There are 2 protein chains.
Amino acid sequence: MARFLMGEYDVIVVGAGHAGCEAALASARMGKKTLILSINLEAVAMMACNPSIGGTGKGHLVREIDALGGEMGINIDKTFIQSKMLNTAKGPAVHSLRAQADKNRYHEEMKKTLEEQENLDLKQGEVVDLIIEDGKACGVVLKTNSVYRSKAVILATGTFLKGKIFIGESVFDSGPNGLAPSVELGDNLRKYGLPMRRFKTGTPARALGKSLDYTKMTEQPGDEKIVPFSFLNDDLKKNQISCWLTYTNEETHTVIRKNFHRSALFGGQIEGVGPRYCPSIEDKVNRFADKKRHQLFIEPEGLTTDEMYIQGMSSSLPEDVQEQFYKTIPGLENLKIVRPAYAIEYDCIDPLDLKLNLENRSIENLFCAGQFNGSSGYEEAAAQGLMAGINAVLKIDKKNPFILDRSEAYIGVLIDDLVTKGTNEPYRIMTSRAEYRLVLRQDNADLRLTERSYGLGLASKSRYERFLQKKKIVELEKDRLTKKMVSPEEINPLLEELGSTPVKNKISLMELMKRPQVTYESLKKIDDSRPELSDHARAQLEVQIKYEGYISKQEQQIKRFKKLEDKKLDSSFDYDKVDGLRIEARQKLNQFKPISLGQASRISGVSPADINVLLIHLEKMRRKKS
Amino acid sequence: MARFLMGEYDVIVVGAGHAGCEAALASARMGKKTLILSINLEAVAMMACNPSIGGTGKGHLVREIDALGGEMGINIDKTFIQSKMLNTAKGPAVHSLRAQADKNRYHEEMKKTLEEQENLDLKQGEVVDLIIEDGKACGVVLKTNSVYRSKAVILATGTFLKGKIFIGESVFDSGPNGLAPSVELGDNLRKYGLPMRRFKTGTPARALGKSLDYTKMTEQPGDEKIVPFSFLNDDLKKNQISCWLTYTNEETHTVIRKNFHRSALFGGQIEGVGPRYCPSIEDKVNRFADKKRHQLFIEPEGLTTDEMYIQGMSSSLPEDVQEQFYKTIPGLENLKIVRPAYAIEYDCIDPLDLKLNLENRSIENLFCAGQFNGSSGYEEAAAQGLMAGINAVLKIDKKNPFILDRSEAYIGVLIDDLVTKGTNEPYRIMTSRAEYRLVLRQDNADLRLTERSYGLGLASKSRYERFLQKKKIVELEKDRLTKKMVSPEEINPLLEELGSTPVKNKISLMELMKRPQVTYESLKKIDDSRPELSDHARAQLEVQIKYEGYISKQEQQIKRFKKLEDKKLDSSFDYDKVDGLRIEARQKLNQFKPISLGQASRISGVSPADINVLLIHLEKMRRKKS
Ligand SMILES: Cc1cc2nc3c(=O)[nH]c(=O)nc-3n(C[C@H](O)[C@H](O)[C@H](O)COP(=O)(O)OP(=O)(O)OC[C@H]3O[C@@H](n4cnc5c(N)ncnc54)[C@H](O)[C@@H]3O)c2cc1C
Ligand SMILES: Cc1cc2nc3c(=O)[nH]c(=O)nc-3n(C[C@H](O)[C@H](O)[C@H](O)COP(=O)(O)OP(=O)(O)OC[C@H]3O[C@@H](n4cnc5c(N)ncnc54)[C@H](O)[C@@H]3O)c2cc1C
């Protein structure tokens with residue numbers, strides 16, 4: 001069968017999931033002629049699992065994606081049906097935004113955004129092979145024999161690559177949600193020697209809302225005051241839909257235990273490795289045998305459907321067992337399952353085979369993103385997609401890669417974890433993975449990242465100006481609060497009211513705000529000359545002032561961290577020439593070619609002693625040169 | 001692998017396309033516990049091809065479906081984005097309503113209707129086998145080993161059964177639109193000895209709207225006054241979207257001709273038989289070699305997408321050829337294809353294997369509907385689905401089947417054509433197929449059918465009352481018009497204005513209305529006591545009066561037709577005992593067991609002479625009995 005050339009692009013993105021969409025939009029917005037392909041256009045930004053965006057750690061990623069000029073935050077702001085800031089009882093480092101999405105609207109809006117984007121072509125088509133010349137990716141081949149050539153290719157194939165579904169003893173080839181899998185491409189990637197592996201993930205059943213009894217569950221309404229995901233949005237008003245909380249019980253667990261033998265998971269048919277952090281319900285019952293109950297949330301999938309998502313209850317048990325155990329749960333006694341739970345196993349790459357710019361180590365100009373890199377989750381996918389898109393463009397333009405380190409962004413933590421430390425299970429972000437989480441807050445993602453993205457030509461001018469404006473306003477206001485003094489007579493009645501110690505001398509509003517009992521809002525009464533601040537600016541101001549001490553301490557730690565990060569290592573560096581390195585470290589370093597001493601220090605098999613040896617060696621070289 | 005029982009139903013519907021949805025809703029609305037299954041819930045009422053409902057002949061079917069209490073008319077009224085009454089320059093027999101649908105909304109609304117329907121369960125699942133006991137269908141087996149038992153099964157698998165897609169030289173197993181095909185069920189049906197065949201159909205490319213130049217096309221706006229599809233709707237107001245008309249030219253045809261050799265169609269890889277009436281563009285160029293141009297319409301697929309459907313240009317040529325020939329067309333010079341055109345081949349049953357109630361001849365309680373029966377088109381599918389649903393219920397209840405004859409409805413023509421005459425290509429309805437089309441108008445479908453459907457317990461009370469009301473109003477108004485006389489002085493000025501001959505004596509408004517130049521509306525001036533009529537009623541009134549002569553002539557023909565239809569033949573009738581029948585006729589009749597002499601007369605291989613023999617035989621038997 002003869003292949004024929006259909007077109008030439010700068011960048012081709014394989015896959016239009018959460019990773020692919022961000023990659024393609026970034027590339028097109030940075031001015032590159034871009035093609036995005038999906039086996040099925042219905043899979044554009046499809047939410048194959050939970051109908052929500054954000055959550056602990058994940059919410060941070062979305063904010064960072066937004067600050068950098070990505071689309072996820074804007075898209076969920078358009079299409080959410082409930083919004084909630086999580087963990088508000090804890091410190092600002094772990095405040096995390098989470099929104100329920102109207103699934104179909106989320107897909108439709110993202111697809112429309114792709115359709116409208118300049119420089120971007122969207123096409124339905126299945127990639128079956130790559131075009132590789134001189135070890136460089138330079139195009140793709142479709143099932144229809146069409147060839148598209150390009151300067152860079154981004155792989156973002158999600159859970160479709162050699163997808164295999166498990167429901168009880170029934171096992172069959174399939175992509176997620178009844179869509180066709182991508183078989184040939186997986187085989188070809190193996191042929192090219194890429195280190196492929198099998199990971200797996202699972203999803204719970206969807207039930208019909210009208211079959212549930214909500215009076216037996218606890219209502220989970222949205223926030224009264226909605227905080228938008230995107231820094232471009234100020235005030236969003238929307239009618240919100242509730243979610244519902246309920247729990248498994250001993251009966252549930254008994255049904256599941258009795259049927260362990262019918263699970264593909266324990267039967268050994270699944271070779272893929274599942275995510276420890278999103279275990280199936282049979283996993284939970286197995287691993288936490290003494291736990292009396294597990295919570296689950298009933299979440300609406302959209303406004304135009306009665307399908308409800310049963311969060312926390314994914315499974316690969318047979319359909320009859322599913323029905324049996326779901327029905328033991330308060331409120332679910334009469335549930336009607338619309339789609340059964342299932343597990344899916346798929347091909348992904350070992351991310352150790354990638355560089356920090358998400359380029360493949362063995363095939364040049366081949367970038368990789370999303371679930372394909374061994375991660376899990378829409379937000380993790382989108383973050384990588386965005387970075388892969390940016391870096392593909394920079395590579396084409398022969399510019400330095402855009403790499404965020406662990407002190408700059410959760411995105412930096414995510415990518416560094418994946419490509420430097422590797423992962424043995426589907427990786428998801430967590431706030432605990434970030435060493436500098438007090439600085440990497442969701443509220444300041446724009447202050448951390450927008451300037452850099454604007455420099456890249458990605459963040460738009462208006463986004464940049466909004467950011468400058470906000471930054472300025474916060475600074476001005478901090479300045480004003482520092483300067484504005486109040487007398488004890490003016491302030492003490494209020495302090496008493498707030499349960500805060502009265503003052504004896506004049507004091508600045510700034511000082512007052514540092515007290516835990518005092519908020520910016522509470523000072524309003526005695527501060528009539530204050531300017532009107534946006535919610536974003538006010539949140540920023542408050543955190544900066546209240547946590548100044550902790551933050552500056554963390555900034556000191558970051559300085560120390562940066563010392564090693566700033567010690568750059570050239571990719572031509574020959575570690576065999578360094579005396580005193582242990583053999584394992586030498587091999588790993590030669591294979592990895594870390595970009596800095598910092599990255600080197602995180603490679604498994606490289607010890608602190610090895611880093612010291614390297615430090616001394618670098619110092620010697622520096623002296624020699626000068 | 002052990003199967004397990006998941007549930008028991010009265011009726012199980014396999015497939016949630018246009019046929020399956022109507023079948024399941026009818027069954028549930030008639031009080032039967034019903035299950036509807038679809039491989040993929042995204043395929044519920046999916047419009048795999050053109051984004052429109054209705055059109056010549058098809059619009060009639062939708063009106064009849066609606067009159068009977070089906071859903072298609074209601075659903076398109078909710079979701080259309082343009083509405084047009086076609087053929088208004090011709091007589092009322094061929095007036096046909098057609099509406100552009102917002103594809104995604106159409107799917108969503110229908111899915112929601114299924115979700116909300118009492119007695120109906122909707123589930124995602126792939127049927128791989130039937131449960132057949134004692135020659136009777138009594139359940140289905142899913143891929144997951146789940147078994148659902150039932151008293152009747154309805155097959156409505158559309159183009160999914162062993163679906164195979166053709167794009168140029170590339171051939172692969174697939175359902176429509178990148179969805180997974182249904183392979184095992186097709187094999188099992190063959191195993192049960194059902195007479196399966198391969199048919200094929202094709203769809204054009206979808207293009208991005210922003211890549212087209214509409215200034216080079218002719219705008220096709222919707223009607224100013226919208227006529228709803230459903231008799232339940234009076235006045236619909238909506239902003240409408242335009243379609244666009246353009247033409248192929250010699251250059252287009254040259255590109256296509258040059259590439260005939262690269263078409264799967266001419267290469268012989270396609271074994272399936274395609275529809276003569278919806279030919280691919282290469283078919284048209286091949287068959288109508290001297291035609292200088294073919295028209296095509298550019299139609300929007302919805303309000304939330306920029307995808308445009310290129311009506312009239314389906315193809316299975318390779319992607320590069322597609323791009324080349326589409327670009328020769330005025331307005332399409334810079335088109336960007338979002339999804340390529342393709343042909344799909346699939347398993348369907350020879351409808352001669354069905355009875356008039358759509359039940360299979362060899363497997364009892366197995367009903368069949370839609371594309372599976374060898375038809376093509378959403379409306380044809382929906383009409384059969386509705387009838388299969390009704391008849392499955394009647395069968396369970398041991399009641400007489402509900403059969404519409406050729407003089408009662410287009411649905412009757414459709415089903416009689418399929419199961420009595422058979423078809424060698426995907427069958428579509430056309431007004432020319434109806435012998436009594438002046439009576440089978442789209443405007444009077446409610447008058448023809450609602451009463452019968454109400455009798456079945458399907459049409460709702462409110463629908464029935466609306467129908468009675470309309471009927472009464474039309475009768476009353478006809479009566480009033482007959483009685484109301486006007487003098488020459490009163491009427492002649494108006495007649496002059498309308499270009500109609502003046503009168504010399506008093507004349508009734510009824511008489512005046514029979515004149516071609518005079519409309520009901522035009523008489524308003526001199527008829528101030530008239531009641532306020534709904535649009536439906538007014539349309540009805542007008543046609544009944546204006547075409548009275550033709551209609552009553554056709555009613556005479558129908559009486560003659562009914563004579564043979566009313567001569568019922570028992571299914572136990574042994575044609576071997578009838579002397580004088582030719583052998584072929586005898587065989588066919590024994591195999592077919594027609595329900596009436598009328599049906600017998602339409603069986604291929606049964607001649608008018610054979611019918612005469614039968615007539616005489618029946619007469620003899622009647623005399624013997626009495
Ligand atoms: C069953 C299931 C359970 C999940 N559970 C969880 C969970 O518990 N927690 C969690 O955070 N996340 C979960 N997810 C993960 C989440 O859905 C994915 O991580 C996320 O969608 C990944 O985004 P992506 O862009 O990498 O890939 P996807 O969203 O899967 O998109 C892949 C894209 O690639 C396209 N594609 C693939 N192959 C080809 C090809 N050869 N040619 C052209 N296009 C191709 C597809 O059409 C699609 O557009 C689950 C997903 C599934 C399916
Ligand atoms: C490429 C293409 C071109 C077409 N061109 C035309 C045209 O030119 N003119 C025209 O009038 N019509 C055309 N159509 C036809 C029109 O789409 C169909 O006739 C119509 O959709 C048939 O409706 P249906 O209900 O019979 O089947 P579909 O709408 O195909 O629905 C079939 C349903 O069955 C389900 N299903 C199948 N197998 C199983 C199983 N084993 N288990 C569970 N569920 C199953 C599917 O999931 C789906 O829900 C075309 C269709 C396609 C795909």
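In what follows, chains are A, B, ... by sequence order, proteins preceding strands, each numbered from 1. All values reported here derive from a predicted model rather than from experimental measurement.
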S.K.: Heavy-atom pairs under 4.5 Å with chain A - which of B:Asp121, B:Leu122, B:Thr305 has more of them than the others?
M.R.: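 That would be B:Thr305.
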S.K.: Under the rule for salt bridge (Lys or Arg N to Asp or Glu O under 4.0 Å), what residues qualify as partners of A:Arg339, not counting sequence neighbours?
M.R.: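 A:Glu307, B:Glu42.
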S.K.: For residues A:Asn177 and B:Asn40, report the shortest heavy-atom separation together with the two atoms involved.
M.R.: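 Closest pair (atom of A:Asn177, atom of B:Asn40, distance): O-ND2, 2.9 Å.
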S.K.: By a 4.5 Å heavy-atom criterion (distance strictly below it), what part of A:Leu179 contacts chain B: side chain, backbone, both, or neither?
M.R.: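 Both backbone and side chain.
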S.K.: Considering non-hydrogen atoms only, spot the tightest contact between A:Gln124 and B:Gly178 and give its length.
M.R.: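 A:Gln124 and B:Gly178 have their closest heavy atoms at NE2-N, 4.4 Å.
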S.K.: Is it the case that the side chain of B:Ser170 and the backbone of A:Asn145 share a donor-acceptor pair, with hydrogens and angles ignored and the cut-off at 3.5 Å?
M.R.: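 No, the answer is negative, given that no donor and acceptor are paired below the 3.5 Å cut-off.
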S.K.: Strictly less than 4.5 Å between heavy atoms, which residues of residues 104-119 of chain B line up against chain A? Please order them by number.
M.R.: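 At a heavy-atom separation under 4.5 Å, chain A is reached by B:Asn104, B:Arg105, B:Glu108, B:Lys111, B:Lys112, B:Glu115, B:Glu116, B:Gln117, B:Glu118.
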S.K.: If the contact rule is any heavy atom under 4.5 Å from chain A, which residues of residues 6-17 of chain B qualify, in numerical order?
M.R.: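 When heavy atoms of chain A are the reference, residues 6-17 of chain B contributes B:Met6 within the under-4.5 Å range.
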S.K.: Does the pair A:Phe172 and B:Glu184 meet the rule for a side-chain contact (heavy atoms from CB on, under 4.5 Å), with working shown?
M.R.: CA-CA 12 Å; A:Phe172 49 93; B:Glu184 285 163 82; over 6 Å; no
S.K.: Please classify the contact of B:Ile165 with chain A as side chain, backbone, both or neither, using a heavy-atom distance under 4.5 Å.
M.R.: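 For B:Ile165, neither part sits under 4.5 Å from chain A.
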S.K.: What part of A:Asp320 gets within 4.5 angstrom of chain B, counting heavy atoms only: side chain, backbone, both, or neither?
M.R.: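 Both the backbone and the side chain of A:Asp320 come within 4.5 Å of chain B.
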S.K.: Give a yes or no on this: more than 12 heavy atoms of other residues, nucleotides or ligands lie within 6.0 Å of atom NZ of A:Lys258.
M.R.: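 It does not: A:Lys258 NZ has 12 such atoms or fewer within range.
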S.K.: Chain B: which of A:Ser211, A:Ala180, A:Ser146 shares the most heavy-atom pairs with it under 4.5 Å?
M.R.: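 Of the options given, most contacts go to A:Ser146.
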S.K.: What part of B:Arg206 gets closer than 4.5 Å to chain A, counting heavy atoms only: side chain, backbone, both or neither?
M.R.: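 Looking at B:Arg206, nothing touches chain A.
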S.K.: Is it the side chain or the backbone of A:Ile36 that comes within 4.5 Å of chain B heavy atoms, both, or neither?
M.R.: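 For A:Ile36, no heavy atom lies under 4.5 Å from chain B.
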S.K.: Shortest non-hydrogen contact from A:Ala2 to B:Glu169?
M.R.: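 Nearest pair, atom of A:Ala2 first, then B:Glu169: N-OE1, 4.2 Å.
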S.K.: Relative to chain A, which segment of B:Leu37 carries a heavy atom at a distance below 4.5 Å: side chain, backbone, both, or neither?
M.R.: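 No part of it gets close to chain A.
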S.K.: Among A:Asp306, A:Ile39, A:Leu5, who wins on heavy-atom pairs under 4.5 Å with chain B?
M.R.: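 The candidate making the most pairs under 4.5 Å is A:Asp306.
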S.K.: Please give me the minimum heavy-atom distance between A:Phe4 and B:Glu319, naming the atom from each residue.
M.R.: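 Answer, listing the atom of A:Phe4 first, then B:Glu319: CZ-N, 4.0 Å.
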S.K.: For A:Lys123, which residues count as a side-chain hydrogen bond (donor to acceptor under 3.5 Å, both in side chains) partner, sequence neighbours excluded?
M.R.: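 Checked A:Lys123 against side-chain hydrogen bond (donor to acceptor under 3.5 Å, both in side chains); zero matches.
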